[in-house]
Amino acid sequence: MQDKYQPAAVESSAQHYWETTSAFRVSEDAARPKYYCLSMFPYPSGKLHMGHVRNYTIGDVLARYHRMRGFNVLQPMGWDAFGMPAENAAISNGVPPAKWTYANIDYMKGQLKRLGFAIDWSREIATCSPSYYRWEQWLFTRLFEKGLIYKKLGTVNWDPVDQTVLANEQVIDGRGWRSGAVVEKREIPMYYMRITAYAEELLAALDDLPGWPEQVKTMQRNWIGRSEGVEVHFPYELATIGKAGVLKVFTTRADTLMGATYVAVAAEHPLAAQAAAGNPELAAFVEECRQGGVAEADLATMEKKGMDTGLRVVHPLTGEYLPVWVANYVLMGYGEGAVMAVPAHDERDFAFAGKYGLPIQMVIRSTHGLYEDTAAPWRDAYAEHGKLVNSGKYDGLDFDAATNAIAADLAAKGLGQKRVQYRLRDWGISRQRYWGCPIPMIRCDDCGDVPVPDEQLPVALPEDVEITGRGSPLAKMASFYECACPKCGKPARRETDTLDTFVESSWYFLRYACNDNAAAMVDARANYWAPIDQYVGGIEHAILHLLYSRFFTRAMRDCGLVEASEPFTRLLTQGMVVASAFYREGEDGKRQWFNPADVAVETDERGRPVGATLKADGQPVDLGGTEKMSKSKNNGVDPQALIDQYGADTARLFIMFAAPPEQQLEWSDSGVEGASRFLRRVWSYGYDLAQAGGARAKIADTPPPALADARREIHGHLKQANHDFGKFQFNTVVSAAMKILNALEKLAGKDAATQAVASEGFSILLRLLSPITPHIAHVLWRECAFGDDILAAPWPEPVAAALAQDEIELMLQINGKLRGSLRVPAAAATAEIENAALATEAAQKFMAGKPPRKVVVVPRRLVNIVV
RNA sequence: GCCCGGAUGGUGGAAUUGGUAUACACAGCAGACUUAAAAUCUGCCGCCGCAUGGCUUACGGGUUCAAAUCCCGUUCCGGGCACCA
């Protein structure tokens with residue numbers, strides 16, 4: 001055994017042991033409770049970043065902890081391997097996406113192994129492999145036949161110069177990122193998943209997910225956005241519009257219908273198109289609305305603009321004519337693509353009406369009297385609920401009564417009814433890109449859209465493809481798209497769109513259970529492992545990925561493939577890793593960013609940062625604040641350098657110690673030094689213990705008082721650590737381990753009693769640390785002769801006898817201010833404590849002779865005397 | 001713009017969930033060891049004040065015997081917004 005800690009040797013020895021014993025290979029075992037611990041799989045972007053290290057360390061700590069607690073633990077790993085970056089790499093470097101992706105997988109897999117994660121690698125999957133995506137295609141055809149997948153027009157970002165559909169990410173300030181051309185909205189046919197069919201279930205089931213963070217459930221509830229309201233029909237007439245019909249809108253504020261002064265439709269609405277046909281000015285406005293991307297954040301922050309179509313619809317209750325406006329804030333994809341506007345009681349309508357001089361009609365009385373006088377200048381809309389005014393027969397009704405009365409009257413006229421509306425929209429899954437799962441459909445002029453039959457699956461993605469960044473590569477490959485109709489055999493055209501990569505990540509967790517099955521998508525093993533007991537991943541996936549996975553699991557359930565409805569029983573959402581950024585501003589105003597590794601930070605005599613210089617030239621650089629680690633700010637810290645210098649255990653320990661998992665983690669190199677120092681001390685302690693003969697026999701039940709204090713302290717820290725493990729608060733678990741080592745180092749005696757307490761304490765320390773720093777724990781456990789394999793050791797529990805205490809200290813407050821303390825027997829009654837507190841010198845002094853008005857005793861904590 | 005979070009010493013963070021604010025670390029300062037340096041060890045370390053003491057958990061109010069924690073309002077920072085993954 002080395003006297004100095006040498007992480008590289010320790011880690012390769014431990015990893016070799018796990019490798020040769022297949023320590024993490026698992027199978028179904030009915031005798032033990034199962035624990036399926038899953039971290040979100042990585043996109044193989046090139047190399048691991050700090051966020052990956054954090055994510056997989058959290059998952060690994062949970063997996064190893066539960067294993068020691070007696071669970072049959074599965075922790076698999078795979079690759080979310082389809083996606084845009086591979087195509088971008090192909091465009092800029094000419095490397096084929098498949099080659100680039102598999103090379104990245106190789107490298108990153110090596111990095112994961114070096115970190116010592118307890119992964120069952122026999123279950124590895126890559127979503128770009130035909131053995132994976134053929135089952136996705138197979139399920140697609142089933143869902144298509146069930147009607148859960150359908151085709152309709154969808155709006156995309158169109159780059160008119162590159163003749164390409166752009167992702168929202170590729171639209172910057174309304175322009176294509178490569179061409180710089182102003183992006184247009186374009187409608188194209190796309191396949192959709194009918195997630196809205198599950199809206200109610202996805203919403204209701206959130207109430208049965210106690211293991212999910214409340215914040216994530218709230219976000220999902222709001223995203224699904226169930227609202228109860230009224231569908232209102234505004235009829236239009238042959239005389240005014242040239243044809244008869246109704247304009248449908250949905251509103252949650254039917255009580256304000258008598259205050260509607262206009263209606264607004266989306267630029268893509270048929271009425272807008274009709275009106276624009278004879279009105280060049282309006283046509284130009286509709287055209288202007290087509291400019292810019294489709295991202296909601298952009299649409300919502302845009303300046304609200306509109307134009308009168310000249311068309312008029314009829315108010316369903318008053319019979320008055322209301323103008324129809326085209327407005328850029330009305331979205332064709334939401335609801336009916338039209339809204340009724342009540343400027344007096346809606347902020348956005350109020351601003352719009354003010355801008356264009358549209359009438360404002362007050363119909364709700366403000367509860368705080370602000371808008372009593374309708375003639376007074378309006379400053380703002382009154383959007384609260386209240387009693388109706390200026391509404392004829394509805395005057396005096398409150399929100400519920402008015403909504404019911406108006407809905408009933410509309411229904412009687414056949415011009416509307418109550419209904420439930422969801423904000424959730426169906427999931428558009430078609431992508432006009434190459435590096436994705438081909439959609440298994442064939443377009444036949446006679447038979448329509450025909451699914452590819454099972455025996456022709458998979459529809460393999462061709463690899464000999466040219467990627468230029470212009471247009472869809474597959475749509476240019478006749479060898480790919482030319483085919484025969486499976487139904488009639490006539491020449492037909494294969495679908496050239498690929499699937500949204502969120503589809504792959506919506507079911508991968510089930511495939512891990514049976515990745516070797518070439519005959520079925522999933523089998524009985526999936527029902528053994530599902531649902532996932534613990535899922536770990538970034539908070540940025542709180543809505544889309546997690547909601548799609550919840551939907552997909554239900555769709556698969558309804559196809560008879562799995563029993564579970566919910567995929568993830570417990571969810572841990574991890575915070576991002578951020579770091580300081582440093583820059584210099586060039587003469588052209590452009591910032592050049594320097595990596596923190598190349599920058600020296602200067603501090604004053606108290607350690608406050610006062611400036612920074614570039615190590616290369618000694619000249620100053622500016623501090624750019626704390627930012628998410630990114631290429632653009634050049635502030636990423638490469639975990640590989642950290643592992644090379646300090647070892648995997650130090651990297652794991654630091655990242656777990658630096659912040660609680662759900663919080664943002666601020667990177668600092670000096671903290672790493674501290675983690676490394678702690679492990680060196682652990683090693684030295686273990687070395688000394690091993691030299692002194694290693695593990696000792698069982699501890700005496702009643703050690704001498706001085707030792708009893710030390711042992712109480714150690715078991716107290718253990719109790720805290722176990723509590724914190726349950727809360728996933730690993731930073732304080734590490735703190736507790738540090739406190740235990742501090743206590744152990746104070747135990748100087750060489751006598752048998754002291755050595756017994758030390759030996760017990762160190763065995764507790766190693767087991768507490770083993771999920772976090774498994775390599776050093778594994779080696780020291782053996783060197784100190786605690787056993788052969790710490791993985792098989794029982795999890796340590798505090799001993800009640802060790803924690804027992806005769807006398808405790810209580811804090812003493814006078815009028816809520818801390819004025820001293822007192823010692824009382826642990827079992828003292830409240831009255832006894834009160835008397836002891838009143839008798840203290842501090843109480844006498846600060847009460848200044850006044851009688852106590854009240855004495856509050858908080859058991860085991862404090863006494864507060866109020867005078 | 002909308003939805004969801006966050007803010008505690010020079011720094012990361014802790015606070016048994018309403019009960020000793022600043023645990024455990026990092027950085028810093030002082031000392032020991034050393035020819036010297038590294039490593040290691042010991043002590044100090046929120047702010048103001050000579051001090052009894054006072055102040056302090058982004059900011060402003062409130063509830064309470066007691067608030068970092070609960071309520072109302074504000075500011076700033078972060079995540080998501082349906083084609084980044």
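Proteins get letters first, then strands, A, B, ... in listed order; numbering begins at 1 in each.
Heavy atoms only, all atoms of each residue included: A:F551 and A:R194 are closest at CE1-O, 4.0 Å. The shortest heavy-atom contact between A:W100 and A:S45 is CZ2-O, 3.7 Å.
Base contact: A:Q813 has a heavy atom under 4.0 Å from a base atom. Across all strands shown, A:P660 has heavy atoms under 4.0 Å from sugar-phosphate atoms exclusively, and none from any base.
Residue order along RNA chain B, read from the 5' end via each residue's closest nucleotide, puts A:A300 first among A:A300 and A:L818. RNA chain B is contacted by both A:K817 and A:N742; A:N742 maps to the nucleotide lying nearer its 5′ end (nearest heavy atom per residue).
B:A7 is paired with B:U75 under the criterion used here, namely a Watson-Crick or G-U wobble arrangement in which both key atom distances are under 3.5 Å. Pair assignment for B:A27 gives none, since no Watson-Crick or G-U wobble pairing has each distance under 3.5 Å. Nucleotide B:C70: paired with B:G62 (Watson-Crick or G-U wobble, both distances less than 3.5 Å).
Residue A:R423 has no polar side-chain atom (N or O) positioned under 4.0 Å from OP1 or OP2 of B:C3. The phosphate of B:C84 has neither OP1 nor OP2 within less than 4.0 Å of any side-chain N or O from A:R431.
Nucleotide B:A39 holds its C1' atom 10 Å from the CD atom of A:E673, rounded to whole Å. Atom P of nucleotide B:C2 and atom CD of A:E296 are separated by 11 Å, given to the nearest angstrom. When rounded to the nearest whole Å, the span between CD of A:E841 and C1' of B:U52 equals 14 Å.
If you check the side chains of A:T196 and A:D426, you find a donor sitting under 3.5 Å from an acceptor.
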